[in-house]
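Okay, structure first, notes after.
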Amino acid sequence: MALTYSPMVTAMIQNAALGGLANVLAQLILAYRSGSAVSIDWVPVFQFLLFNVLSTPPNFLWQEFLESTFPAYPPPKTPHPKKSDDPSPPPTPAKLSIRNTFIKLALDQTVGSTVNTLLFSNYTHAVRSALHPVPRITNLFKAISFWTSPGAVDLTRVDWNAVWAASLDDFWPIVFAGWKLWPAVSLVNFSAIKTVEARNLVGATAGVFWGIYMSFVAAQ
């Protein structure tokens with residue numbers, strides 16, 4: 001019997017896998033550029049995987065809110081017949097709402113972008129502090145053992161004021177970089193993809209390229 005998951009759980013699994021893949025690809029690119037031997041550090045891979053698991057539910061709910069509030073294809077208004085015995089007019093096919101599409105695009109690239117950028121920066125700096133000194137583990141099973149061991153992530157080490165300050169320093173460079181990619185992805189999603197589940201898959205696929213860039217940022 002095949003396992004079935006809710007759309008949100010499916011999105012979490014997809015995003016986690018693609019987030020980990022993005023970090024692996026980023027490490028391969030860095031190794032190629034530096035001419036060094038390929039050796040995957042699994043600690044940041046799991047770091048990105050975990051972030052995608054945590055960030056998917058609020059983003060999924062955000063996309064559902066946008067679509068329910070500003071539907072891409074609002075149902076057309078059905079004119080009332082003049083007489084009770086008049087035949088009902090044929091149904092009018094729903095048309096793409098340009099107005100709703102651009103409202104969603106604007107909200108996603110302002111409110112959504114702000115929240116996601118701050119979440120990522122705070123998460124990255126907090127995890128880096130909680131893991132300090134950050135180990136380099138090139139064995140997958142040892143990395144799993146490390147992440148699941150008690151005390152591996154010690155949040156008492158985190159200086160939250162310093163984390164917030166560092167996140168603010170990162171904010172505009174990340175936002176400006178994101179505006180080179182995400183508006184185009186969002187426009188395609190909001191205008192051509194009809195379901196939130198399919199939009200998440202398109203966004204997650206584009207997110208592989210974004211994840212590579214963010215892996216470079218997190219490695220600095």
Side-chain angles (χ1 to χ4, degrees), residues 4-22 48-82 88-124 164 167-168 170-214 217:
T4 57
Y5 301 101
S6 69
M8 184 180 294
V9 172
T10 300
M12 290 171 64
I13 295 172
Q14 291 171 345
N15 289 356
L18 292 174
L21 173 63
F48 271 74
L49 186 152
L50 178 60
F51 175 76
N52 280 16
V53 169
L54 297 175
S55 64
T56 294
N59 275 287
F60 193 92
L61 295 174
W62 168 247
Q63 293 301 322
E64 284 191 331
F65 165 76
L66 289 178
E67 187 57 32
S68 62
T69 308
F70 307 101
Y73 294 87
K77 296 179 180 179
T78 304
H80 295 285
K82 295 180 180 180
S88 299
T92 304
K95 295 182 179 179
L96 176 67
S97 172
I98 303 299
R99 171 183 174 274
N100 286 358
T101 297
F102 279 97
I103 289 175
K104 288 186 291 188
L105 179 64
L107 289 173
D108 199 41
Q109 296 306 308
T110 52
V111 178
S113 176
T114 296
V115 173
N116 276 309
T117 301
L118 290 175
L119 281 176
F120 176 81
S121 294
N122 278 278
Y123 169 84
T124 300
W164 179 250
S167 298
L168 293 180
D170 293 343
F171 180 76
W172 286 114
I174 294 176
V175 167
F176 287 148
W179 283 343
K180 298 176 182 178
L181 170 67
W182 290 115
V185 175
S186 294
L187 185 59
V188 171
N189 260 344
F190 292 141
S191 61
I193 311 299
K194 293 188 176 181
T195 66
V196 172
E197 294 85 352
R199 289 174 185 172
N200 177 81
L201 181 57
V202 171
T205 304
V208 171
F209 300 97
W210 179 246
I212 292 173
Y213 169 76
M214 295 309 295
V217 172

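Only heavy atoms go into these numbers, but all of them, side chains included; no hydrogens, no water, no symmetry mates. Numbers here simply count residues along the sequence, with the first being 1.
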Decide if atom CZ of Phe102 counts as having more than 12 heavy atoms of other residues, nucleotides or ligands within a radius under 6.0 Å.
no

Can you confirm whether more than 12 heavy atoms, excluding those of Phe209, are under 6.0 Å from its CZ atom?
no

What closest approach, in Å, do [X] and [Y] show between heavy atoms, and which atom pair accounts for it?
X      : Y      : answer
Lys104 : Leu66  : CD-O, 3.6 Å
Pro183 : Gly178 : CD-O, 3.6 Å
Pro74  : Ser97  : CD-CB, 3.7 Å
Ala22  : Ile212 : O-CG1, 3.5 Å

What's the spacing between [X] [atom1] and [Y] [atom2] if we round to 0.5 Å?
X      : Y      : atom1 : atom2 : result
Phe120 : Asp170 : CZ    : CG    : 8.5 Å
Leu105 : Ser191 : CG    : OG    : 9.5 Å
Thr110 : Trp179 : OG1   : CH2   : 8.5 Å
Ile193 : Arg199 : CD1   : CZ    : 8.0 Å
Asn200 : Thr56  : CG    : OG1   : 6.5 Å

Sequence-distant partners of [X], side-chain hydrogen bond (donor to acceptor under 3.5 Å, both in side chains), two or more places apart:
X      : answer
Asp108 : Trp62, Gln63, Ser186
Asn52  : none
Ser113 : none

Can any side-chain N or O of [X] pair as donor or acceptor with the backbone N or O of [Y] at less than 3.5 Å?
X      : Y      : result
Glu67  : Ala72  : yes
Asn100 : Pro71  : yes
Thr117 : Thr114 : no

Within-4.5 Å side-chain heavy-atom neighbours: [X] and [Y]:
X      : Y      : answer
Glu197 : Thr10  : no
Phe48  : Tyr123 : no
Met8   : Leu61  : yes
Ile174 : Trp210 : yes
Thr101 : Leu187 : yes
Phe60  : Met12  : no
Leu107 : Phe70  : yes

Using the side-chain contact (heavy atoms from CB on, under 4.5 Å) rule, take Asn59 and Val115 through it: C-alpha gap first, then chi angles, then the decisive distance, then the call.
CA-CA 10 Å; Asn59 275 287; Val115 173; over 6 Å; no

